[in-house]
Enquirer: 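Shown below is the structure under consideration.
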Amino acid sequence: MMDLQLTDDQRLIRQQAARLLADRAGPQQLRQTVAAATGFDAALWRTVARQLGWCAMTIAERHGGLGLSLTELSLVVEAAGERLAPLPLWSTACAAAPLLSAVATEEARAAILPRIAAGEIAATVAWGDLGAADPLAATPVTAVPANGGYLLDGLVTQVVDAEAADLVLVPARLAQGLALFALERGAGHETRQIETLDATRQIGALEMRGLRLSADARLDADGFTPRAAASAIATANLGLAAEQVGAARAVMDLTLAYVGERVQFGRVIASFQAVKHRCARLEVDLAEARAMVLGAAANFANAEDDERLLEARAARALASDLLFRAAEESIQLHGGVGFTWEYDPHLYLKRAQAVSALLGSADRHLEAIAEHLLAEACHER
Amino acid sequence: MSDDRLAALRAEVRAWLSEHLAGRFEPLRWRGHAGDGDALPELRKEWERELAGGGWTCPGWPAEWGGRGLSVAEQVAFQEEYARAGGPGRIGHIGEGLIGPTLIEFGTPAQQQRFLPAIRAGTEFWCQGYSEPQAGSDLANVRTRARREDATGDWLVHGQKVWTSLAHLSDWIFVLARSEEGSTGRHGLIFLLLALDQPGIEIRPIRQIGGGAEFNSVFFDGARARAEHVVGAAGEGWRIATALLGFERGISTLGQQMAFAQELDLVCRIARENGAARSPELRQRIARAWAGLRAMRYLAMRALCDDASREGRLARLGYKYHWSNWHRDLGRLAMDVLGPDGNVVDGDPRRERLRRLFLFSRADTIYGGTSEIQLNLIAEQGLGMPREPRGDRS
């Protein structure tokens, strides 16, 4: 039996993250983020990335990282999710770094991962199809060799944390398959921030028109397939699921606090069984999704790519449904004030809807699982 | 617990089962589980003694009482291997998992000497006398009466227990009864051990929606519990009865999940064969079932951790609601995958198994604390929400 008990160190990491974010990313700061519509808190980012090493968790020690497991990373991402913290944490630590680890050359990894680990840069990935369960199956970006370098063309309509990122990793179609390019800040590409429903996460468009890159901007050796990036896609999904579980915890806590105070018919409404049971059912679903996320994170190092991806998809499917329902129930159980701008549940509803479409909606992940279960002989599992 | 030792234990269990769950015991594979609990009773009793001979009854008990003193992780490994091999439902479960640990904790030395060896040896079987017609979810409402006979000090029991699993195959019953006249609620209760084979006890089977009869009504009309067969003292019944429920730590649930996985596997196989696998809606439900089962596995592992955090507590409290609803949903999914074939009763063993699943899983959300009670517990003990009003009783 795998030991799923968190270690004392893991608990401490989780508690410290929660405490820091309660202080630095509380409801007031969240409102400022929403008003400023930047989706990014540069000062907080410096603290967590440079001083606390949140992006260094899973990076190997030889690359300047802490060499910890996905469990530790999931715990801090979960804490960030609770506060809807405007940080490029998921993009950098759960998407860009794992993609580099999966498909970049050792030379490229040795050049970039230490900068991520040290918190010197924020990074992101311009997934070709941000809404797909296989976000590398198609990409609007093409690359052609030119004068010893490459010319890149294409418009990626939505890139998470595009403005905040100092480095954008761009999967592009080359004649022989996919190649991965590094766009450092000022490389000549254009990013344009988009106004979004979920104002707590930054999204930008990335445009490249005949963008000339030197040969060393290419990070892979000789092309890769989406399959080769499976562990990176799994990590990115697991990270989103952890974030969703954290956000669900927080919005459920808002609900519990409200129903514990609101008095009608001479009783707090938390004493009505109709209210209690709805809260309790959400708790079961939260325990389910959280167990799936932390279980998949703990199992990650021992699992093959197929299993990693299946478990990450399961975590996403559960967490996407969970967060949406937790936010929806929060508005409902808050009654009239739940519909107001002043109360916070709507921020979580907007996050719930926006994040549910990233890297594949719940039903797409379920379809991918079904394809695996029903296409070939079912193994004893 | 090192992985090496666990692996060695698993190998030992596998080897023993492949040698012993064979020959005349072969028909027992996969039989006798929930919904099929009255299958092949005599052979299953013999199987208990076979298990005992191999030292595989009560492996979690201390060595003093013939156990192996296995850790939680080792017991889980044993349960998983047992389920993987198709080991039959355990008639000895109530003795091994519930009354045995209770007697080890609360019994007198004489009670321990009298009862534990026979449970360990697979020669005496137990059933649980808790629920009554008026005491289901509200267990503290038991009305079965126990009156002390002055001449002997024995206790004479009058009343009725219901939903008593496998009473017709058992030798002893433990009974929660009211020893203090006029008492209500959790006070004035007594925990008694009674031999079933005596005048004054009548066992009537209850036919279930699946057609079988695993459980029974047990009627007491002056049945006798000997003076030395009180566990704890008169008045302490509630404390003993609830402590007993705490011994069920869910170790067997990881074995149960092996059976769930096999059921899901069968559903997938049939879906591929009959074309149901082409239905987008059924594909979603099958995948959701897979995700839920994976999560259940991790949830059980978390629930078995000694994790005092809020999350740990909620994982434990939510576990029963989760698995029972998952299983009931799987039952319906199985029938939907079968389509019109699900309605045909022709003895086809795969269909029989799924039909049993469909019907018996209706009980999962009722026994051992209904879903509604589970949600109350989660809300009250897990989330600190106000308690339900309790009528006029303390």
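Residue numbers start from 1 in every chain, and the chains themselves are labelled A, B, ... in the order their sequence lines are given, proteins ahead of strands.
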Enquirer: Is any side-chain heavy atom of B:Trp290 closer than 4.5 Å to one of A:Leu310?
Expert: yes

Enquirer: So what's closer than 4.5 Å to chain A heavy atoms on B:Arg278: side chain, backbone, both or neither?
Expert: neither

Enquirer: Compare every heavy atom of A:Lys276 with every heavy atom of B:Pro386, then report the nearest pair and how far apart it is.
Expert: O-NZ, 2.9 Å

Enquirer: The test is side-chain contact (heavy atoms from CB on, under 4.5 Å); show your working for B:Ser309 and A:Arg11 and say whether it passes.
Expert: CA-CA 10 Å; B:Ser309 68; A:Arg11 271 178 218 289; 4.1 Å; yes

Enquirer: Out of B:Leu375, B:Leu314, B:Leu293, B:Leu299, which one racks up the most heavy-atom pairs below 4.5 Å with chain A?
Expert: B:Leu375

Enquirer: For the residue pair B:Arg272 and A:Leu373, what are the closest heavy atoms and their distance?
Expert: NH1-O, 3.0 Å

Enquirer: Picking from A:Met292, A:Glu288, A:His365, which has the most non-hydrogen pairs under 4.5 angstrom with chain B?
Expert: A:Glu288

Enquirer: What heavy-atom pair brings A:Leu4 and B:Arg302 nearest, and what distance separates the two atoms?
Expert: O-NH1, 3.1 Å

Enquirer: If I measure from the heavy atoms of chain B, does A:Arg267 come under 4.5 Å with its side chain, its backbone, both, or neither?
Expert: neither

Enquirer: Can you tell which of B:Glu372, B:Arg285, B:Met296 has the highest number of heavy-atom pairs within less than 4.5 Å of chain A?
Expert: B:Glu372

Enquirer: For A:Glu304, is the CD atom crowded, meaning more than 12 foreign heavy atoms sit under 6.0 Å from it?
Expert: no

Enquirer: Relative to chain B, which segment of A:Val259 carries a heavy atom at a distance below 4.5 Å: side chain, backbone, both, or neither?
Expert: side chain

Enquirer: Evaluate the side-chain proximity of A:Glu371 to B:Arg283: yes if any heavy-atom separation is below 4.5 Å, no if none is.
Expert: yes

Enquirer: Do A:Gln273 and B:Asn376 have a side chain donor and acceptor closer than 3.5 Å?
Expert: yes

Enquirer: Could you tell me the separation between the OG atom of A:Ser271 and the CD atom of B:Glu388, rounded to the nearest 0.5 Å?
Expert: 8.5 Å

Enquirer: Mind running side-chain contact (heavy atoms from CB on, under 4.5 Å) on A:Glu307 and B:Arg294 for me, showing each step along the way?
Expert: CA-CA 11 Å; A:Glu307 188 180 12; B:Arg294 254 317 144 104; 3.0 Å; yes

Enquirer: Identify which of A:Ala287, A:Ala314, A:Ala280, A:Ala315 forms the greatest number of heavy-atom pairs closer than 4.5 Å to chain B.
Expert: A:Ala280

Enquirer: Please step through salt bridge (Lys or Arg N to Asp or Glu O under 4.0 Å) for the pair A:Asp363 and B:Arg288, ending with a clear verdict.
Expert: CA-CA 9 Å; A:Asp363 59 341; B:Arg288 181 64 182 76; over 6 Å; no

Enquirer: Is the number of heavy atoms from other residues, nucleotides or ligands within 6.0 Å of CZ (A:Arg227) greater than 12?
Expert: no

Enquirer: Run B:Glu311 and A:Arg249 through salt bridge (Lys or Arg N to Asp or Glu O under 4.0 Å) and show every step you take.
Expert: CA-CA 10 Å; B:Glu311 288 86 359; A:Arg249 173 75 275 158; over 6 Å; no

Enquirer: Apply the test side-chain hydrogen bond (donor to acceptor under 3.5 Å, both in side chains) to residues B:Tyr321 and A:Glu283: give CA-CA distance (whole Å), side-chain angles for both, the deciding distance (0.1 Å), then the verdict.
Expert: CA-CA 11 Å; B:Tyr321 184 91; A:Glu283 289 297 332; over 6 Å; no

Enquirer: Select one option (side chain, backbone, both, neither) describing which atoms of A:Leu294 are under 4.5 Å from chain B's heavy atoms.
Expert: side chain

Enquirer: What part of A:Ala317 gets closer than 4.5 Å to chain B, counting heavy atoms only: side chain, backbone, both or neither?
Expert: neither

Enquirer: What part of B:Ser371 gets within 4.5 angstrom of chain A, counting heavy atoms only: side chain, backbone, both, or neither?
Expert: neither

Enquirer: Any side-chain heavy atom of B:Met385 sitting closer than 4.5 Å to one from A:Cys279?
Expert: yes

Enquirer: Closest heavy-atom contact between B:Gly318 and A:Val284?
Expert: O-CG1, 4.0 Å

Enquirer: Kindly give the heavy-atom pair with the smallest separation between A:Glu311 and B:Tyr298, and that separation in Å.
Expert: OE2-OH, 2.7 Å

Enquirer: Please check if the number of heavy atoms outside A:Arg14 that lie under 6.0 Å from its CZ is greater than 12.
Expert: yes

Enquirer: Rounded to the nearest 0.5 Å, what separation is found between the CG atom of A:Leu374 and the CD1 atom of B:Ile286?
Expert: 5.0 Å

